[in-house]
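Note that the structure is a prediction, hence the values are computed from the model and not measured.
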Amino acid sequence: MAGVQSSAGYPSKEASLAPDQTEKFGCRDSTSGLAAVCFALPDVADAMGAACCNPALLARLGIADLNLRQLIFSRRFAERRAQDFCDHGIPWAKGCVNLEQLAVGLKVMDVCASDSSNHLYFEYGGGLSLLEETKKLIHAAALFAQQHPRLKFHVDAHAGAGAPRGIATSTARRRALSVVDELVGLGVAREHVSTTAWGR
């Protein structure tokens with residue numbers, strides 16, 4: 001059966017695909033076939049990306065269809081989403097070139113929204129044990145490492161401003177190693193963690 005077209009050239013409501021066309025498009029009826037074709041259009045995929053702004057959901061959508069996969073996992077698509085983030089006041093997204101980077105950035109932003117931001121605190125007076133209230137950052141980092149195995153971490157360690165100059169750097173170094181030990185204990189690969197001990 002031949003499909004009926006409207007005067008504008010679009011298929012009319014009565015239009016249907018012939019059985020051989022249905023096989024060609026890999027669909028059971030004309031509605032799902034047209035939907036698959038529409039969603040595979042770059043402008044439609046881009047509009048969905050701008051409306052959704054959730055990299056994890058967009059990645060799932062990209063897995064659903066080969067054409068969508070090529071569009072959604074392209075560098076250009078991710079760069080446009082990163083620009084959308086920047087346009088909405090999320091400057092860290094500048095330079096992101098894939099959906100994974102955007103997803104990690106959103107998770108980090110969420111975790112760092114706490115009162116301690118991205119800081120870990122130790123016992124006062126040169127202590128080397130992390131305070132319990134800041135350990136959630138360590139646990140979140142370990143979870144990120146499981147979800148994103150290529151992720152790297154860097155620890156900048158400091159001692160308090162009042163620490164004596166002679167021991168400030170060694171205290172900072174030991175604190176950095178304490179953080180590394182916590183991360184490794186939670187399954188983060190040691191080679192994925194770097195440190196800098198700044199002293200005071």
Side-chain angles (χ1 to χ4, degrees), residues 1-113 118 137 139-154 183 186-189 191-194:
M1 168 190 324
V4 180
Q5 291 194 346
S6 69
S7 60
Y10 296 106
S12 69
K13 287 187 226 178
E14 299 84 29
S16 62
L17 297 174
D20 60 328
Q21 289 176 315
T22 300
E23 295 295 319
K24 176 179 156 189
F25 287 112
C27 60
R28 293 188 183 125
D29 60 41
S30 62
T31 306
S32 63
L34 290 173
V37 171
C38 285
F39 284 129
L41 294 172
D43 290 343
V44 174
D46 202 50
M48 287 190 306
C52 176
C53 287
N54 183 324
L57 288 178
L58 290 170
R60 288 181 182 166
L61 182 62
I63 292 170
D65 178 80
L66 181 61
N67 291 326
L68 284 175
R69 184 176 304 137
Q70 291 171 348
L71 292 168
I72 289 175
F73 289 115
S74 71
R75 181 181 178 127
R76 283 182 39 134
F77 185 85
E79 288 173 338
R80 286 193 300 274
R81 299 298 65 80
Q83 187 58 52
D84 291 343
F85 281 34
C86 290
D87 293 346
H88 287 89
I90 304 174
W92 59 256
K94 184 178 176 135
C96 288
V97 296
N98 62 51
L99 293 178
E100 183 179 21
Q101 291 172 343
L102 293 170
V104 169
L106 286 174
K107 289 177 187 177
V108 169
M109 189 172 85
D110 186 46
V111 168
C112 292
N118 65 343
L137 289 173
H139 292 281
L143 182 62
F144 293 165
Q146 290 172 3
Q147 295 170 341
H148 306 278
R150 296 177 295 156
L151 200 59
K152 309 273 187 199
F153 299 92
H154 183 77
L183 287 169
L186 292 170
V188 177
E191 61 272 12
H192 287 191
V193 186
S194 59

Engineer: Can you tell me if NE2 on His154 sees more than 12 non-hydrogen neighbours from other groups inside 6.0 Å?
Structural biologist: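 Yes, the 6.0 Å shell around NE2 holds more than 12 heavy atoms from other groups.
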Engineer: Which heavy atom of Ala93 sits nearest to which heavy atom of Ala82, and what is that distance?
Structural biologist: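 Here Ala93 and Ala82 meet closest at O-CB, 3.4 Å.
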Engineer: To the nearest 0.5 Å, how far apart are CD in Gln83 and NE2 in His88?
Structural biologist: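 If I round to the nearest 0.5 Å, the distance is 11.0 Å.
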Engineer: Would you mind reporting whether Ile63 and Phe73 have side-chain heavy atoms less than 4.5 Å apart?
Structural biologist: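 The answer is yes, as the side chains (C-beta and beyond) meet within the 4.5 Å cut-off.
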Engineer: List the atom of Val188, the atom of Ala145, and the distance in Å for their closest heavy-atom pair.
Structural biologist: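 Taking every non-hydrogen atom into account, CG2-CB, 3.8 Å.
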Engineer: Test of understanding: with side-chain hydrogen bond (donor to acceptor under 3.5 Å, both in side chains), list the residues that count as partners of Gln70, not counting sequence neighbours.
Structural biologist: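 None.
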Engineer: Measuring from Leu61:CG to Asn54:CG, what's the distance to the nearest 0.5 Å?
Structural biologist: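 If I round to the nearest 0.5 Å, the distance is 11.0 Å.
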Engineer: Mind checking what makes side-chain hydrogen bond (donor to acceptor under 3.5 Å, both in side chains) contact with Ser74, not counting sequence neighbours?
Structural biologist: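 None.
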Engineer: Please find the pair of heavy atoms, one from Pro91 and one from Cys86, that lie closest to each other, and give the distance.
Structural biologist: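 The pair with the smallest heavy-atom distance is O-SG, 4.1 Å.
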Engineer: Decide yes or no for His139 and Leu186: does some side-chain heavy atom of the first lie under 4.5 Å from some side-chain heavy atom of the second?
Structural biologist: yes
Engineer: Would you indicate whether the side-chain heavy atoms of Ile72 and Phe77 approach each other to under 4.5 Å?
Structural biologist: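 Yes, their side chains come closer than 4.5 Å.
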Engineer: Can you give the donor-acceptor pairs under 3.5 Å from side chains of residues 103-112 to other protein atoms, not counting sequence neighbours?
Structural biologist:
{"unit_1": "Lys107", "atom_1": "NZ", "unit_2": "Gln147", "atom_2": "OE1", "d": "2.7"}
{"unit_1": "Lys107", "atom_1": "NZ", "unit_2": "His148", "atom_2": "NE2", "d": "3.3"}

Engineer: Going by the salt bridge (Lys or Arg N to Asp or Glu O under 4.0 Å) test, which pairs reach into residues 50-61, not counting sequence neighbours?
Structural biologist: none
Engineer: For His192 and Leu151, work out which heavy atoms get closest and say how close.
Structural biologist: ND1-O, 3.3 Å
Engineer: Quick one: closest heavy-atom pair of Asn98 and Ala78, and the distance?
Structural biologist: CA-CB, 3.4 Å
Engineer: Using the salt bridge (Lys or Arg N to Asp or Glu O under 4.0 Å) rule, collect all pairs that involve residues 85-105, keeping only residues at least two apart or in two chains.
Structural biologist: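 Passing the test, one end in residues 85-105: Glu100-Arg150.
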Engineer: State, to 0.1 Å, how close Ala59 and Leu99 come at their nearest heavy-atom pair, and which atoms those are.
Structural biologist: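 In this case the closest contact between Ala59 and Leu99 is N-CD1, 4.0 Å.
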Engineer: Which residues satisfy the side-chain hydrogen bond (donor to acceptor under 3.5 Å, both in side chains) test with Asp84, sequence neighbours excluded?
Structural biologist: Arg81
